[in-house]
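What follows is a set of notes on a single structure, which appears directly below.
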Amino acid sequence: MTPEEVAFQDRIDRNEKIEPKEWMPDGYRKTLIRQIGQHAHSEIVGQLPEGNWITRAPTLERKAILLAKVQDEAGHGLYLYSAAETLGVSRDELLEALHAGKMKYSSIFNYPTLTWADMGAVGWLVDGAAIMNQVPLQRTSYGPYSRAMIRICKEESFHQRQGYDIMMKMCAGTPEQKAMAQDALNRFWYPALMMFGPSDKDSVHSAQSMAWRIKMNTNDELRQKFVDQTVPQAKFLGLTVPDPDLQWNEEKGGHDFSEPDWSEFYAVLAGNGPCNAERLGARVKAWDDGAWFREGLMAHAAKHSGGRVAAE
Amino acid sequence: MTPEEVAFQDRIDRNEKIEPKEWMPDGYRKTLIRQIGQHAHSEIVGQLPEGNWITRAPTLERKAILLAKVQDEAGHGLYLYSAAETLGVSRDELLEALHAGKMKYSSIFNYPTLTWADMGAVGWLVDGAAIMNQVPLQRTSYGPYSRAMIRICKEESFHQRQGYDIMMKMCAGTPEQKAMAQDALNRFWYPALMMFGPSDKDSVHSAQSMAWRIKMNTNDELRQKFVDQTVPQAKFLGLTVPDPDLQWNEEKGGHDFSEPDWSEFYAVLAGNGPCNAERLGARVKAWDDGAWFREGLMAHAAKHSGGRVAAE
Amino acid sequence: QPEFTEWLQRVGDNCLILGHRLSEWCGHGPALEEDIAIANQSLDLIGQCQLWLGLAAEVEGRGRSADDLAYLRDVLAFRNVVLVERPNGDFGQTLMRQFLFDAFHLELLRGLESSTDARVADIASKAVKEVAYHLERSADLVIRLGDGTADSHARMQKALDLLFPYTGEMFADDATDRAMANAGIAPLPSTLKPAWDAVVAEVLTAASLTHPGEVWQHGTTGTGGGKRGIHSEHLGYLLAEMQFLQRAYPGATW
Amino acid sequence: QPEFTEWLQRVGDNCLILGHRLSEWCGHGPALEEDIAIANQSLDLIGQCQLWLGLAAEVEGRGRSADDLAYLRDVLAFRNVVLVERPNGDFGQTLMRQFLFDAFHLELLRGLESSTDARVADIASKAVKEVAYHLERSADLVIRLGDGTADSHARMQKALDLLFPYTGEMFADDATDRAMANAGIAPLPSTLKPAWDAVVAEVLTAASLTHPGEVWQHGTTGTGGGKRGIHSEHLGYLLAEMQFLQRAYPGATW
């Protein structure tokens with residue numbers, strides 16, 4: 001390590017926040033750009049599975065709640081792209097990388113939402129898993145990222161409660177509704193467990209990120225925490241977690257549970273999930289279809305930049 | 001009249017059929033092309049209002065019946081374009097004129113189909129009015145047209161019965177269904193009366209067409225016949241014809257009835273019906289979207305015209 | 001009373017159907033900021049629809065709820081103008097539809113603030129602030145896109161020409177409207193036209209768009225028009241989607 | 001018995017959903033002849049679906065009808081392969097989907113002609129003639145368009161690449177399939193693959209299209225796949241439209 005790097009690591013170890021204009025190692029910057037960018041992409045791609053049910057929400061109130069939620073996700077995307085921009089990469093560059101398939105988004109969004117119960121399961125399990133990841137990141141070393149996370153976490157926990165509320169209504173509803181809820185849990189349980197990523201005990205990459213306080217916990221720690229939190233919630237709903245080997249382990253003070261099928265994880269990551277083509281296709285189409293709109297606004301701003309403040 | 005014209009008119013007056021290769025006056029040819037072309041266009045544009053309910057038909061049997069009916073209309077289009085082609089105009093030329101707005105189709109198809117009862121009303125009233133026009137045309141002077149009409153009339157009367165059958169089911173059904181049926185009659189009654197065109201007592205054009213046996217009855221005759229046929233059918237259904245002045249006139253042996261709003265007729269004709277833009281737009285889009293398909297087939301046929309019989 | 005219910009459904013259905021159309025954009029907008037803004041307007045409109053249809057159900061007095069009206073009426077019972085059920089088209093068409101409606105909507109709500117019915121006045125004074133902002137935004141975007149690139153100009157002109165024939169219905173008075181005006185509940189729609197004309201003319205000029213002039217107006221003659229329940233073919237599809245769960249699982253709680 | 005009902009729904013739902021998709025083209029085809037031909041195939045498939053779902057309802061013995069199965073099941077209860085619910089796309093995608101399915105469908109029906117269940121054999125021997133003609137037609141068009149213009153070639157290749165990952169599900173055996181095979185009711189799907197492979201290879205060669213090779217196949221691993229009721233997001237929209245009247249007016253006669 002160079003003296004600069006040592007000093008940088010000391011600041012991190014003292015829990016100081018790193019701010020945009022300050023010196024940082026190249027690797028730190030690059031890792032953050034990748035991580036924040038992927039997170040931002042996940043927010044906007046994550047609009048799609050839930051967006052799929054906005055026009056079919058069963059009541060006006062549910063429609064409004066879901067729409068507000070999906071809108072919040074777009075807002076989270078905004079915060080995060082802004083945080084990434086402080087590291088010297090523009091939103092358009094990040095989007096270009098997404099559209100070209102060079103940057104990823106969370107694989108969970110490559111699963112379809114097939115019934116209204118999925119709106120519950122996504123809120124409960126997917127937002128639940130996301131929060132598990134994000135809460136510690138409020139204390140991450142990079143200032144703008146940390147502040148974005150603080151705003152996002154507040155809203156996410158609200159979303160998770162809304163999701164759980166949908167599940168409660170479904171489970172207290174008709175037999176068909178209860179069956180839908182169980183089916184949604186069956187389909188989203190393992191994909192939710194996959195959200196924490198494969199076990200990272202042997203990953204050098206993870207170790208460096210943890211030293212930099214970009215990653216705050218191991219994937220396995222978070223997964224365990226998620227299972228321990230979620231299992232009693234499922235019980236409360238009267239639903240069965242689709243894992244015959246799930247049981248409480250008194251000794252370790254947590255549940256034993258089955259690993260997800262990691263070959264499925266890698267398949268989805270490689271582009272072979274049920275909805276990869278549709279999700280990326282929808283984003284690319286929105287971008288391409290909107291080109292004339294963005295260009296129109298820029299042209300107008302350019303024409304009038306003398307007289308009035310540029311609009312973009 | 002030239003001697004040729006006199007001889008031609010004599011043949012017509014003797015009820016002889018005129019065949020494609022035979023001499024005919026230019027006006028006869030032109031009028032026929034316009035009339036047969038418009039009729040052909042009406043068949044294919046007429047697919048759209050009923051096509052609008054194929055994917056929402058209430059039972060598998062109704063779906064099959066409706067689909068078969070709309071398919072028949074495409075078939076009628078084919079017969080009629082073929083009949084027109086014997087007069088020296090190609091199907092593509094006729095379609096081009098349709099798409100450019102230079103040729104018309106029956107204005108009735110510029111009204112929307114809003115409920116399933118409209119599938120009944122269209123069959124009963126629109127096909128009913130069409131048959132009223134077409135039955136006499138089986139005896140028209142131009143051979144290919146007459147033969148096309150004979151084939152078409154057979155199917156049309158079948159369609160009309162199917163439409164009436166839908167109305168019967170609706171009228172014998174729930175109060176909501178009966179209300180839908182009444183609403184459909186309310187919306188389609190006057191447009192159906194308009195299908196015969198304005199009174200043609202003063203039209204020279206009509207007189208010539210009648211002399212040529214291209215037009216067999218006056219518009220008013222056909223309209224009267226339609227009303228007299230339809231009113232008892234409505235009564236049988238328990239529906240009210242939306243005309244407070246409708247009543248039986250013993251003296252003339254027919255019903256007195258209110259004229260439709262001819263200003264509406266001319267507005268729709270001028271392109272201002274509720275669906276003009278949509279109907280023509282749908283046809284143009286189908287044609288444009290299908291260009292690559294037609295060109296692909298032609299290119300293939302050209303490549304293989306040596307070895308195998310051209311496919312088109 | 002039946003006229004009041006009828007009229008409340010007109011106001012509420014406009015919000016419901018336009019709000020629904022806007023919600024179709026969610027996740028597919030041309031820029032993140034637009035995605036958020038459109039969702040916001042959709043939310044405002046759905047919120048207003050809950051109030052208007054809630055009041056409609058209350059006035060009707062048959063024990064129905066706003067949700068019952070939204071999810072259990074079939075197409076002939078809807079009372080929105082055809083303009084708001086027009087398909088989204090490209091984003092320019094969505095914005096133009098929004099502008100043409102917002103300009104009407106704002107005038108209407110301003111008029112309703114002094115309604116003799118306190119409940120109507122209450123809802124209006126809540127909604128008027130939201131809608132003033134909608135209009136500000138849609139007018140601004142129409143101007144910027146009309147006066148943007150040649151392409152954006154052409155798209156906005158096309159959108160205008162396409163949608164303008166559906167604006168007349170908003171200002172066509174009928175018996176229901178007259179009953180509301182006589183009771184002092186609502187302004188006569190035709191009285192809102194001069195103010196709307198002025199806003200539209202001003203914005204179109206700033207946008208360098210050509211006013212379509214006196215063109216045919218759907219739903220203002222004969223028996224048609226969404227206010228009288230005669231819609232376009234698009235509404236049925238919208239409802240089939242929107243109402244699916246309530247129709248498929250009658251009586252369930254969500 | 002439950003396996004038999006389940007299996008009959010798979011066969012019937014394939015016909016229903018593909019027939020429905022084809023019917024969406026009616027009035028919008030690229031040429032009049034195509035419009036008619038596609039409607040014809042749609043009619044054949046809907047007719048077959050009535051027989052298969054009718055038998056499914058009979059075997060189930062709960063007093064339901066083919067219409068009940070078509071119109072009153074929600075998305076999780078449908079058993080068609082995901083391939084047939086794929087959106088129509090351009091006409092090339094519709095034709096490619098049709099070809100890939102027809103080639104499977106014909107092999108299946110040939111196998112079913114010697115079913116130990118006489119009712120199954122009866123339906124199959126009626127349907128096999130129709131489907132032989134479907135395949136003849138779709139294969140011919142795939143060849144002509146693949147070997148047509150550069151544009152038509154590119155579209156067909158794109159359609160093939162897009163749809164091929166959904167073909168594996170047709171040949172994936174599961175417990176239901178094995179139960180049917182053991183009872184002699186139906187051939188094991190995987191046994192139909194060699195014949196399908198041969199037809200596909202031959203037609204793609206004649207069409208000068210590139211076989212996608214061993215690509216990922218959806219619904220063949222894990223828990224997904226339409227045969228097990230895990231569909232794409234497209235099916236829900238299709239059903240909302242298709243089932244609207246039966247859902248909105250329960251118990252009515254049409």
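Residue numbers start from 1 in every chain, and the chains themselves are labelled A, B, ... in the order their sequence lines are given, proteins ahead of strands. What you see below is based on every heavy atom in this structure, not just the backbone, and it leaves out hydrogens, waters and symmetry mates.
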- Note on the structure: Under 4.5 Å to a heavy atom of chain A? For C/Ile46 that would be side chain
- So what's closer than 4.5 Å to chain C heavy atoms on A/Thr59: side chain, backbone, both or neither? both
- Query: Contact part of C/Arg21 toward chain A, heavy-atom cut-off under 4.5 Å: side chain, backbone, both or neither?
  - Reply: neither
- Message: If I measure from the heavy atoms of chain C, does A/Glu61 come under 4.5 Å with its side chain, its backbone, both, or neither?
- Response: both
- chain A contact via C/Asp35 - which portion, at a heavy-atom distance below 4.5 Å: side chain
- Query: Would C/Arg79 count as a cation-pi partner of C/Trp7, with NZ or CZ less than 6.0 Å from the six-membered ring centre and within 45° of the ring normal?
  - Reply: no
- Ranked by heavy-atom pairs below 4.5 Å to chain C, first place among A/Arg283, A/Arg56, A/Gln177, A/Glu295 goes to A/Gln177
- Heavy-atom distances under 4.5 Å only: say whether A/Met180 touches chain C with side chain, backbone, both or neither. side chain
- Message: Given heavy-atom pairs under 4.5 angstrom as the criterion, report whether the side chain, backbone, both or neither of A/Gln71 touches chain C.
- Response: both
- For the side-chain hydrogen bond (donor to acceptor under 3.5 Å, both in side chains) test, which of A/Arg161, A/Gln134, A/Lys69 pairs with A/Asp127? A/Lys69
- Tested for side chain to side chain contact (heavy atoms under 4.5 Å, CB included) against C/Ser232, the lone hit among C/Val82, C/Leu238, C/Val75 is C/Val82
- Message: Heavy-atom cut-off 4.5 Å, strictly under: side chain, backbone, both or neither for A/Leu60 against chain C?
- Response: both
- Note on the structure: Bottom line for A/Leu78: the part with an atom under 4.5 Å from chain C's heavy atoms is both
- Message: I'd like to know if the side chain of A/Lys303 and the backbone of C/Gly148 have a donor-acceptor N/O pair within less than 3.5 Å.
- Response: yes
- Item | Contact origin within C/Glu24 toward chain A - heavy atom pairs under 4.5 Å | both
- Message: By the definition side chain to side chain contact (heavy atoms under 4.5 Å, CB included), identify the one residue from A/Met167, A/Gln162, A/Met168 that meets it with A/Trp124.
- Response: A/Met167
- Does A/Arg151 count as lying over the ring of A/Tyr79, i.e. NZ or CZ under 6.0 Å from the six-ring centre, within 45 degrees of the axis? yes
- Top contributor to chain A interface from C/Leu95, C/Asp90, C/Thr253 [non-hydrogen pairs under 4.5 Å]: C/Thr253
- Query: Do the side chain of A/His300 and the main chain of C/Asp147 share a donor and acceptor less than 3.5 angstrom apart?
  - Reply: yes
- Task: Select one option (side chain, backbone, both, neither) describing which atoms of C/Leu16 are under 4.5 Å from chain A's heavy atoms.
- Result: side chain
- Among A/Gly51, A/Ala282, A/Ala74, A/Gly46, the residue with the most heavy-atom pairs under 4.5 Å to chain C is A/Ala74
- Item | Test side-chain contact (heavy atoms from CB on, under 4.5 Å) applied to C/Phe78 and C/Glu85, step by step | CA-CA 11 Å; C/Phe78 273 77; C/Glu85 75 199 39; over 6 Å; no
- Under 4.5 Å from a heavy atom of chain A, the part of C/Ala66 involved: both
- Report the option among C/Phe91, C/Phe244, C/Tyr249, C/Tyr71 that has the most heavy-atom pairs separated by less than 4.5 Å from atoms of chain A. C/Tyr71
- Please state whether the rings of C/Phe101 and C/His105 are parallel, tilted or perpendicular, taking 30° and 60° as the class boundaries. tilted
- Task: Sort out for me which residue in C/Leu108, C/Leu83, C/Val81 forms a side chain to side chain contact (heavy atoms under 4.5 Å, CB included) with C/Asn14.
- Result: C/Val81
- Message: Set out, in order, the CA-CA distance, both residues' side-chain angles and the distance that settles side-chain contact (heavy atoms from CB on, under 4.5 Å) for A/Val126 and A/Glu50, then state yes or no.
- Response: CA-CA 11 Å; A/Val126 176; A/Glu50 289 176 290; over 6 Å; no
- Task: Against chain A, work out which of C/Met156, C/Glu241, C/Gln243 has the most heavy-atom pairs shorter than 4.5 Å and name it.
- Result: C/Glu241
- Message: So which atom in A/Asp118 and which in A/Pro112 form the shortest heavy-atom distance, rounded to 0.1 Å?
- Response: OD2-O, 3.7 Å
- Note on the structure: Assert top hit (heavy-atom pairs under 4.5 Å, partner chain C, pool A/Met170, A/Glu73, A/Arg91) equals A/Arg91
- Query: Quick one: what part of C/Ile38 sits under 4.5 Å from any heavy atom of chain A, side chain, backbone, both or neither?
  - Reply: neither
- Task: For each of A/Leu67, A/Asp289, A/Leu48, tally heavy-atom pairs with chain C at distances under 4.5 Å, and name the one with the top tally.
- Result: A/Leu67
